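All values reported here derive from a predicted model rather than from experimental measurement.
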Number of protein chains: 2
Amino acid sequence: MFINIDPSSGLPIYIQIAQQIKTAVAMGRLQPEEPLPSVRQLAVDLAVNPNTVARAYLDLEIEGVIYKRQGAGTFVSGQGVEMSKAERRRVLTELLEKALVEGVNLGLSEQELRETFDRVLDKILLGRAPEPVGK
Amino acid sequence: MFINIDPSSGLPIYIQIAQQIKTAVAMGRLQPEEPLPSVRQLAVDLAVNPNTVARAYLDLEIEGVIYKRQGAGTFVSGQGVEMSKAERRRVLTELLEKALVEGVNLGLSEQELRETFDRVLDKILLGRAPEPVGK
DNA sequence: GTCACTGTATTAGTTGACTGATACAGTGGC
DNA sequence: GCCACTGTATCAGTCAACTAATACAGTGAC
């Protein structure tokens, strides 16, 4: 599996799991309808309690990134989250503001902020290139 | 004072304080060398324990946003943080990645991501307009 | 229906984050 | 030196987050 836990990171295990899956989905490394490893299987792989994996999956389900079918398994959601556009932009704005406030306080120039943004955006959108634009 | 605590936010008080001061500094609402309210004063204003304010100030000092002089007071730092440029870009990259992963998973288009970025960046840089570029 | 797999629920222990009370220590105007 | 202000240190209580052990419940191939 593509997930690895960093015990020294200070971040809760279930957050690390959720975060990495979320990133994989965003980058297209995990495709819609693709099954995720079972709660138990992933728990064994990562040497953690099944409940911890379940907790990560639960959070992702609430966010709409994945969905579960009792007894059957867990799968990547087909489409984006059910949320008003205004709400989605509000969430994004908040996160971007946090990032940029940090960047400005670190003394980075406007140009550096823009460059970094472009670089990160490109990296994320690359894996989705095949058919995201015209969809 | 410009700080207000939202008890329902779930965020620790000292984080809320630190965050708002950090944002104020980034946006130029707090100028370099400007004194901050004393630990005790702000504690009274916000109706929290002085230690809680001190904790926020400590974090901000560690990050280099402010500095303190025992017995004298607390002030906004003159310049950006002491950190290698590589390190600073790493921090920014991490935060931007988090924001953009979220945005992509929310189903926002590349254009929407770029627009939101521009809007947020403009808002932050506005207060600093007088003399940041040529400095 | 059975078996081997799915996710779910309950309960509980540990740990550390968070906040606060209180006492200590430095600074500077008078 | 004194006083009124600064920030600092110590200690302790509360509470919730996090993880785990264990038992429950749905699914589907056979």
In this structure, how many angstroms lie between the P atom of D/dA4 and the CD atom of B/Gln41, rounded?
16 Å
Counting only heavy atoms from other residues, nucleotides and ligands, does the tally under 6.0 Å from CD of A/Glu33 exceed 12?
yes
Identify, between A/Arg55 and A/Gly71, the residue whose nearest nucleotide on DNA chain D lies closer to the 5' end.
A/Arg55
Taking CD1 from A/Ile62 and P from C/dG7, how many angstroms apart are they, rounded to a whole number?
16 Å
Any A/Thr52 side-chain nitrogen or oxygen under 4.0 Å from OP1 or OP2 of D/dA20
yes
Please state how far atom CG in B/Asn49 lies from atom C1' in D/dT14, giving the value in whole angstrom units.
14 Å
Short side-chain N/O contact to D/dC18 OP1/OP2 from A/Tyr14, under 4.0 Å
yes
For A/Ile13 and for A/Gln70, find the nucleotide of DNA chain D with the closest heavy atom, then tell me which residue's nucleotide is more 5'.
A/Ile13
N or O in side chain of A/Thr74 less than 4.0 angstrom from C/dG7 OP1/OP2:
yes
Considering only heavy atoms from C-beta outward, does the side chain of A/Phe117 approach that of B/Leu121 to under 4.5 Å?
no
Whole angstrom is fine here: how far is it from CD in A/Gln16 over to C1' in D/dA17?
15 Å
Whole angstrom is fine here: how far is it from CD in A/Glu61 over to P in C/dT6?
17 Å
Less than 4.5 Å apart, any side-chain heavy atom of A/Ile5 and any of A/Ile17?
yes
Find the distance A/Arg40:CZ to D/dC24:C1' and express it as a whole number of Å.
10 Å
Among D/dA20, D/dT19, C/dT8, which nucleotide sits nearest the side chain of A/Ala54?
C/dT8
I'd like to check A/Leu96 versus B/Arg119 (side-chain heavy atoms, cut-off strictly below 4.5 Å). Are they in contact?
no
Under 4.0 Å between a side-chain N/O of B/Lys68 and OP1 or OP2 of D/dT8, yes or no?
yes
Can a side chain N or O of B/Asn51 be found less than 4.0 Å away from OP1 or OP2 on D/dT8?
no
Need one value for A/Arg69: base, sugar-phosphate or nothing, where a base atom within 4.0 Å counts as base even if backbone is also close, heavy atoms only.
sugar-phosphate
Which distance, rounded to the nearest 0.5 Å, do you find between the CG of B/Asn49 and the CZ of B/Arg40?
10.0 Å
In whole angstrom, give the distance that lies between atom CZ of B/Phe75 and atom P of C/dT27.
13 Å
Expressed as a whole number of angstroms, how long is the span from A/Leu42:CG to D/dA20:P?
13 Å
